[in-house]
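To start, the structure itself, in structure tokens.
From a predicted model like this one, the values you see are computed outputs, not experimental measurements. In the text below, chain A, chain B and the rest are named by the order of the sequence lines, each starting its count at 1.
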Number of protein chains: 2
Amino acid sequence: MPHAVPEPDDFICFAIYSAGHAFNRLYKPLLESIGLTYPQYLVMIALWARNDQTVGDLGETLLLESSTLTPLLKRLEKSGLLSRSRDPEDERQVRVRLTRKGAGMRTKARDFPSCVKAATGFSNEALRRLRNDILSMRSAVLQAAD
Amino acid sequence: MPHAVPEPDDFICFAIYSAGHAFNRLYKPLLESIGLTYPQYLVMIALWARNDQTVGDLGETLLLESSTLTPLLKRLEKSGLLSRSRDPEDERQVRVRLTRKGAGMRTKARDFPSCVKAATGFSNEALRRLRNDILSMRSAVLQAAD
DNA sequence: ACCATTTACATCGCACGCGATTGAATCGCG
DNA sequence: CGCGATTCAATCGCGTGCGATGTAAATGGT
């Protein structure tokens with residue numbers, strides 16, 4: 001075998017990197033219909049699952065830094081989807097809460113996951129296993145990264 | 001079952017999105033040692049596999065737009081790793097070629113993939129299957145995205 | 001009570017990433 | 001041959017994403 005030079009598609013990290021972009025493109029028209037970007041949508045998902053979180057909570061869930069979240073949350077606040085306010089118990093923390101408008105947006109986004117699942121062409125069972133594999137790889141990689 | 005509200009980790013797209021960030025964090029210290037960012041490293045991989053590509057070729061391989069590649073390639077050119085020049089046969093195209101320095105960098109990056117594979121904690125066989133699943137999902141999603 | 005340390009968020013600079021647009025070169029159809 | 005359509009890269013604006021740094025609040029050991 002004469003010295004196979006690897007291509008991008010040979011790398012698991014590139015597969016994930018490029019698949020992420022593919023999902024982004026798929027979501028974009030759906031999300032534009034409700035005026036969100038993909039990372040903003042993730043914040044909304046986190047808040048729909050559990051309202052009233054600190055910036056740090058959201059960062060832990062979404063694996064993002066405050067330097068990413070703060071400007072993003074300000075844009076969502078400006079859109080009227082959530083409120084940001086210092087916690088009186090601990091003034092260092094900022095509590096993020098859905099507004100009525102932000103909570104109501106959940107129904108508009110209800111069908112997006114099934115649209116996207118259909119687009120993958122994978123069965124629910126195959127998707128579940130693939131997701132679990134990716135999450136456990138993520139854990140291992142994050143563990144190794146520090 | 002009382003109305004399960006999905007969390008970010010329940011979404012295959014978030015699993016991929018966050019796993020991508022995890023790989024980025026793992027690669028960062030490795031790549032800093034040779035002065036590259038992760039997307040720059042991908043361009044170098046593409047050129048190590050096949051030298052002398054157009055911007056469009058690279059975009060097709062890496063699934064990136066010229067609006068992303070042009071500034072990135074200019075930075076790599078400024079670093080002395082590649083050259084950019086209009087194709088005399090077709091002046092619309094820009095041919096991207098490795099310099100001696102850029103070609104020589106391949107040996108410095110030779111061990112990165114095995115470092116990263118070790119960090120995932122997956123066997124070669126499991127990684128290969130996971131990669132293929134992700135690539136086929138990427139194809140399906142890209143197909144659906146247009 | 002004091003002050004060093006830690007924690008939590010914000011700010012800044014830089015590098016993606018893409019849609020929309022531009023401008024130049026080429027193509028293609030009559 | 002002529003000229004509108006197409007192709008290819010570059011530019012611009014906006015939104016991430018993060019490391020480094022700043023700042024204010026809380027903590028903890030003495």
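At the heavy-atom level, A:L72 lies under 4.0 Å from the strands shown only through sugar-phosphate atoms. Residue contacts shown for B:R84 are limited to sugar-phosphate atoms, with no base heavy atom under 4.0 Å away. B:E89 comes within contact range of the sugar-phosphate backbone alone, with a heavy-atom separation under 4.0 Å but no base atom that close.
Remark: C:dC27 base-pairs with D:dG4; criterion is Watson-Crick or G-U wobble with both hydrogen-bond distances under 3.5 Å.
For A:R92, no side-chain nitrogen or oxygen approaches OP1 or OP2 of C:dT6 to under 4.0 Å. Applying the 4.0 Å criterion to OP1 and OP2 of C:dA15, one finds that B:K78 has every side-chain N and O outside that range. Contact annotation: B:K74 does not reach the phosphate of C:dC16 (side-chain N/O to OP1 or OP2, under 4.0 Å). Side-chain nitrogen and oxygen atoms of A:Q93 include none within less than 4.0 Å of the OP1 or OP2 phosphate oxygen of D:dA26. For D:dA9, the OP1/OP2 oxygens have no side-chain nitrogen or oxygen of B:R86 closer than 4.0 Å. Contact annotation: A:T68 side-chain N/O to D:dG17 OP1/OP2 distance is not under 4.0 Å. For the OP1/OP2 pair of C:dG17 and a distance below 4.0 Å, the side-chain nitrogens and oxygens of A:Y17 include at least one atom meeting the criterion. Considering only side-chain N and O atoms, A:T70 lies nowhere under 4.0 angstrom from the phosphate OP1 or OP2 of C:dT11. Contact annotation: A:S67 does not reach the phosphate of D:dG17 (side-chain N/O to OP1 or OP2, under 4.0 Å).
On a pure distance criterion of 3.5 Å, a polar donor-acceptor pair joins the side chain of B:S66 and the base of D:dA10.
Using a cut-off of 4.0 Å between Lys/Arg side-chain N and Asp/Glu carboxylate O, B:K74 and B:E77 are scored as not salt-bridged.
Put simply, A:M137 and B:L30 are part of the same group of oily side chains (I, L, V, M, F, W, Y) that touch within less than 4.5 Å, one to the next.
Place A:L63 and A:D87 on DNA chain D by their nearest nucleotides, and A:L63 ends up nearer the 5' end. Nearest-nucleotide positions on DNA chain D for A:Q40 and B:R95 put B:R95 closer to the 5' end.
Separating the NE2 atom of A:H21 from the P atom of D:dT16 is a distance of 14 Å, rounded to the nearest angstrom. Between A:R25 atom CZ and C:dA20 atom C1' there is a gap of 15 Å when expressed in whole angstrom units. What separates CG of A:L73 from P of C:dC9 is a distance of 10 Å, to the nearest Å. As rounded to whole Å, 4 Å separates atom P of D:dT16 from atom CZ of A:R75. Distance, A:L42 CG to D:dG17 C1': 13 Å, rounded to whole Å. Residue A:L69 contributes atom CG, which lies 9 Å from atom P of D:dG17 at whole-angstrom precision. If you measure from atom CG of B:L64 to atom P of C:dG19, you get 11 Å, rounded to the nearest angstrom. Taking atom CG on A:L31 and atom P on C:dC18, their separation rounds to 15 Å, with Å as the unit.
Closest contact between the side chain of A:E91 and the listed nucleotides C:dC18, C:dT26, D:dA26 involves D:dA26.
Side-chain contact, B:R84 with B:T70: no donor N or O sits under 3.5 Å from an acceptor N or O. B:D57 and B:T54 are linked by a side-chain donor-acceptor pair at a separation below 3.5 angstrom, with hydrogens and angles left out of the test.
Residues B:L63 and B:R138 meet the side-chain proximity criterion, which asks for heavy atoms closer than 4.5 Å. Between A:Y27 and A:F112, some side-chain heavy-atom pair lies under the 4.5 Å cut-off.
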